[in-house]
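Encoded as structure tokens, the structure appears first; notes follow it.
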Amino acid sequence: MHELSISENILYIVENEAHKHNLKRIKEIKIKTGEISDIIPENLEYCFEIISKGTVAEGAKIIVEKLPIKILCLDCGKEFTIKKKNLQCPECNSKNLKIIGGNEFFIESMEAE
Amino acid sequence: MEIKVLRNIFESNIKQSDELKKIFKNKGTYVVNIMGSPGAGKTSVIVELIKKLKDELKIGVIEADCEGKIDAEKINSLGIPVVQLNSGGACHIEAASVDKAMNNFENWAFDLILIENIGNLVCPSDFEIGEDLRMVVLSIPEGDDKVAKYPKMFYTCDVMVISKFDVKDYFNYNMQRVLTDVQRVNPKMEVFPVSCTTGYGIDKLSKFIKDKIFEKKLS
């Protein structure tokens with residue numbers, strides 16, 4: 001349960017961006033996270049609600065979009081989207097893989113006043 | 001009004017971890033982040049590594065726990081400089097905590113720093129703390145299903161130590177299941193079965209770390 005620490009990081013970035021763009025109120029924060037991450041969106045929303053009280057992001061809605069795990073098979077050269085953390089090439093069963101997507105965790109955008 | 005942000009949520013931790021990596025590289029210091037459940041045997045593995053390596057290498061230890069300094073006292077009794085970090089309930093340590101801990105070592109010149117993370121198989125997996133090697137300690141009594149249940153920890157680590165290996169036969173432990181699950185989530189992971197009671201496997205693990213230290217010094 002490290003959503004609290006993650007919420008603090010999100011708030012830090014949001015406050016920083018709000019200051020940069022001279023924003024009065026943040027209404028919505030869009031987050032993209034890869035399937036490899038174990039973030040639970042409900043926990044994140046709950047924690048963020050608590051720590052954002054009295055800040056420019058108080059009451060902001062957190063929207064989390066999950067991105068799939070993408071692998072490149074270094075043996076057959078094909079790219080795949082795979083099920084959670086099952087690191088095996090669906091085509092040739094090779095385990096000689098490179099993960100090229102699914103470990104992202106960033107703030108995409110915010111809706112502000 | 002929509003504002004594009006595109007900033008990594010872990011950006012401040014990543015930045016601090018990269019800064020620590022530069023400092024450790026300049027000083028020729030190899031750093032191991034040791035993770036695992038409470039009671040997995042992380043401190044015992046650290047103690048055994050110290051016993052094997054302390055005559056050849058300068059070692060420092062950072063011990064992180066929610067409260068108290070029980071482990072730091074154990075390490076200190078071996079004559080090794082140690083800093084105890086208390087997270088006060090937080091479930092992991094971050095690069096900033098390591099930076100703070102390093103300020104407590106005066107004029108340090110370590111070959112090896114062992115960092116014991118908070119006992120937890122989930123949260124520490126998300127935070128790099130300036131380390132070269134990520135090690136997860138999993139003990140026999142915890143059961144052979146942990147890799148399947150907590151894949152991210154095993155996916156983000158380089159090395160798995162299976163501790164308390166001397167009691168394997170009392171726990172109906174299916175070693176093949178663990179190895180198959182490791183192959184599934186992290187085919188590159190190195191696995192070291194050890195027993196801190198009998199000393200089984202400690203030589204092999206110590207040698208592995210010693211080789212890594214010299215590799216880093218040569219690079």
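In the text below, chain A, chain B and the rest are named by the order of the sequence lines, each starting its count at 1.
Only the side chain of A:K20 comes within contact range of chain B, judged by heavy atoms closer than 4.5 Å. Only the side chain of A:K30 has a heavy atom closer than 4.5 Å to any heavy atom of chain B. Only the backbone of A:E113 has a heavy atom closer than 4.5 Å to any heavy atom of chain B. Only the side chain of B:D126 has a heavy atom closer than 4.5 Å to any heavy atom of chain A. If you measure heavy-atom distances from A:I29 to chain B, you find no contacts under 4.5 Å at all. A:L97 touches chain B through its backbone: at least one of N, CA, C or O sits under 4.5 Å from a heavy atom, while the side chain does not.
For A:S5 and B:E94, the side-chain atoms include at least one donor-acceptor pair closer than 3.5 Å.
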Decide yes or no on salt bridge (Lys or Arg N to Asp or Glu O under 4.0 Å) for B:D18 and B:K22, but give the supporting numbers first. CA-CA 6 Å; B:D18 288 347; B:K22 267 186 228 155; over 6 Å; no
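In terms of heavy-atom pairs under 4.5 angstrom with chain B, the leader among A:E108, A:E104, A:Q88 is A:E108. With respect to chain A, the highest number of heavy-atom pairs below 4.5 Å among B:V5, B:I9, B:N186 belongs to B:I9.
In this structure, B:F208 places its CZ atom where more than 12 heavy-atom neighbours from other residues, nucleotides or ligands lie under 6.0 Å away. The local environment of CD1 in B:I70 is sparse, with at most 12 non-hydrogen atoms from other residues, nucleotides or ligands closer than 6.0 Å. Heavy atoms from other residues, nucleotides or ligands lying under 6.0 Å from NZ of B:K15 number 12 at most. Counting non-hydrogen atoms of neighbouring residues, nucleotides and ligands closer than 6.0 angstrom, the CD atom of B:E11 exceeds 12 such neighbours.
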